[in-house]
Amino acid sequence: MGSWMKMIKELTIRPKGERQIRKSPAYSFDEDLKKPLSGQTVKEILSKSSDVVFREFFLQGKDRIPCMLAAVDGLVDKNLLDQFILTPLMVDLARHPELTQVTLSNVVDKTLQSLLPGLEIKKISKMREAVDAILSGDSVIFFGNLTEAIVVGARGWANRGVAEPITESIVKGPREGFSETLRINTSLLRRKIKHPSLRIISLKLGDMTNTDLVITYIEKIASPDIVSEVLKRLSKIKMDAMLGNGYIEEMIEDNPYSPFPQISFTERPDVLAGKLLEGKVGIIVDGTPIVLVVPAILTQFLNVNEDYYQRAMVAILSRFVRYVGAFMAIVAPSVYIAVTTFHQEIIPTDLLMSISAGRQGVPFPALLEALTMTVVLEILQEAGLRLPKPIGQTIGIVGALIIGEAAVTAGLVSPLMVIIIGLTAVASYAVPTFDLSLAVRLIRFPLMILAGVLGFFGVTVGLYVILIHLLGLRSFGVPYTSPIAPLRIRALLQDTFVRAPWWALKRRPQLMDVEDPRPNGKG
Amino acid sequence: MERISPHQFTTLGAAVILGTTFLPVASIVTGVGGRDGWMSVLPGFAVGIPYCLMIFSLSEQYPRKNLLQISATVFGKWIGNFIGLIYILIVAYLGGLLLGQVGDIYQVSIMPLTPLWVFFLGGIFLVLYLVKSGIEVFARFSEVVFPLIVIALLLNVGLSIPRIEQGELLPILSEGFKPIFLGTRKIMPFVMTYMLFLAGVIAFLPTGKQELSQLKKGVWRIIFLVGILDTLVVLIQLLVFGPAETIRLVYGLLVLGKLVEVSRTVAGVESLFLGVWLAAAIIKIGSLFFSVIWGLESVFGLKGVKWRHAIAVVFLGISFRFIRGPSLITEIGLVDEYLIMPFVALWIPILWGVSRWKRGAGN
């Protein structure tokens, strides 16, 4: 009671007459972290947080050595601590033959070599290492006033376990997905690729959050240039907080002003494994189930992992549908506007009459009609996205059926326009990747305006601008439109618009330069 | 420095030659060769092969240099710069005229009420964006677009087959080989225009022995592919319209597109066809724009964004000067025949000859 009263006093007493909210005092931990390692200093730094616990005890060897164990409550496995650290050191070791030789000068080495069991155990000698280890969930044992300590890995916290990913559900294939815990994710990956060339490199990002992340790739396959580029870009990131993959994505992508995603992501270990086997590099961030994969190319955003579990013919059909869907989602409204506004000659007379009858009485030009409908659709999508599922569905029904029907009956929009916009919405759902689907939704608007102002000429100019933009994009040095341009014929025929049967995949599809283009299938 | 692959060289070359030829080619060759004019298309393009080989030979001797830089090395600075100046003027003038043709075709065929400047600005915007993106992106653009151009052409030809009258082609060679020679002479300027682009782009091509042999094969492919496609275009127009009407219709292929009807669902696809043609035209104009940039860099050392914009203004100025219709077509024909043809026909063989002679003398 007394301590928090004291804290309130410290925080609230201010100079007389001062009314403004004060800035937080400039306090630099860096100075403390530069001090020589000692248990007492660590305690001073961390004791203000109630979740950090310090357990003091004595180790009775040749000398009576004061020890202190520091850990964060909730991040450590208490059973593990009791069973394999505190009990051996405080109880079992009384009978240990080597204990009689333990003095303050050799306690660290003796503990490491013969007193403590456990796999993840190492010696440290820097203050920053100790603080980072404690806050990351490890336990640190300090011995008297020694400037060395021991870190024991006994992490254990609540997690939701391995579940099926929501964003990448499939019919035929494995059900497991990544979770928020880094080590679970790396273990899931390791279970897929049991080969010594799988590399997992650990890094930390975020000055305040100290977020763990790993870069993973297959040494014999990934281009060293791409791996070094990933490391280079990550090392340049300087920010306080790294709370998820989105932070990294924007910091390392090649062209941040492009609407098109240049880094792909997955929640599935099998997809990550497949991409690593194509020569890509994965970035797994602690605290998120989303794994970033670089480099990314356009056509891969339209392919899904289920293509590889289905039979080749089925996969080809699915891909065809997706590509047609994506194209329709981009151009359907603009083509409709261009045709009804400028190029009626393209429509045969009977159809033209029918369209004209539908538009009779509609007071707005096709452009305004389409723009309004599309904006309404976007609002409905946005409104339904983050609501609880049953309410989201209700909004969909109210929006699509009731408002749509009422708008047609009131003569505000033509029935054909409702069909076109509905078709566009359905087609955009055929785009399997959320990021690309957003890009498609974004570029639809300027195309509609160009169609309304300049007809097919405007649509064509707009499409060519998009094409030139795409052709100029690169993801970590790899052209975004590969393998279409620059043409890589094998990759194009094997795994782009079509998916060749596994027995026909004699060599890895070369979407980019890979080190080891070995056979994929036995053929 | 940016590089383009042998495959990109092939598609880029084919797109540049095909770019603005497939619309007027039927009217031009039929105008001089009558119903036998179609036979002159392939030989006319084939004339370009020795010129290409001469350029490759020069590139082998002076790797990573364009023909203007090679001219300055071989003929000396003053003559080289003079040649460069002529090169820049011709290329910029033709580029501006072709930009004018974009507006002309769109306005004549599908959007008569839209002001011309809209098409000019749309066209030059695309060209500038391509040029800003660099030669690699330009080559990739051609890689994507060229197959679409070919498909669109073949569709237009294929869908017009029901309308052909076989008798229009007969009698064959009733006037001997003279019409073929005349037609060939009219086709040659098209391929010579490509030489102007090749003269600059040669600096961006790979120089290894294996790649050089691929590039040479690429030239043969370009010539035969474009030759055959243009022959088909001429043939279908002759067979559908007959010689007299083919001569009259400058943009006969668009008229063919207008006649197309697919299962009473889609009719008059010329507006869609024009979309593909626009890409072809942009590649052609883009190639000339690049040529002007390389010319200014080589001769005057001028480079940078402001000079790109200055070139765009020149292109726009020329396109506005020759507004539309027959005068524009006539002007393009005159530039092709009386400026480009003699310039390229003399410049490249002389440069090649002198360089070989100098090398021989050096040895």
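Keep in mind it's a predicted model, so treat the numbers as computed, not measured. Every heavy atom of this structure was used, including side-chain atoms; hydrogens, water molecules and symmetry mates were not. Each chain gets a letter, A, B and so on, in the order the sequences are listed, and its residues count up from 1.
A ring pair (Phe, Tyr, Trp, His ring centres under 6.0 Å) with Tyr106(B) is found for exactly one of Phe342(A), Phe457(A), Phe456(A), namely Phe457(A). Of the candidates Leu130(B), Leu126(B), Ile282(B), Leu126(B) is the only one forming a side chain to side chain contact (heavy atoms under 4.5 Å, CB included) with Tyr464(A).
The shortest non-hydrogen separation linking Ile468(A) to Ser133(B) is CG2-OG, 3.6 Å. When all heavy atoms of Arg140(B) and Ala485(A) are compared, the pair lying nearest together is CD-O, 3.5 Å.
Two residues are said to be in side-chain contact when any heavy atoms from C-beta on lie closer than 4.5 Å; Ile110(B) and His343(A) meet this criterion. Side-chain contact check for Val461(A) versus Leu278(B): some heavy-atom pair is nearer than 4.5 Å. Side-chain atoms of Phe141(B) and Leu467(A), non-hydrogen and from C-beta on, do get closer than 4.5 Å to each other. Looking only at side-chain heavy atoms (C-beta outward), Leu471(A) and Phe138(B) stay at 4.5 Å or farther from each other.
At a 4.5 Å heavy-atom cutoff, Ser5(B) makes no contact with chain A through either its backbone or its side chain. In this structure, the portions of Tyr129(B) lying under 4.5 Å from any heavy atom of chain A include both its backbone and its side chain. Contacts between Leu454(A) and chain B at a heavy-atom distance below 4.5 Å involve backbone atoms as well as side-chain atoms.
With rounding to the nearest 0.5 Å, the separation of CZ in Arg474(A) from CD in Glu136(B) is 5.5 Å. Distance check, rounded to the nearest 0.5 Å: CD of Glu143(B) to CG of Leu487(A) gives 5.5 Å.
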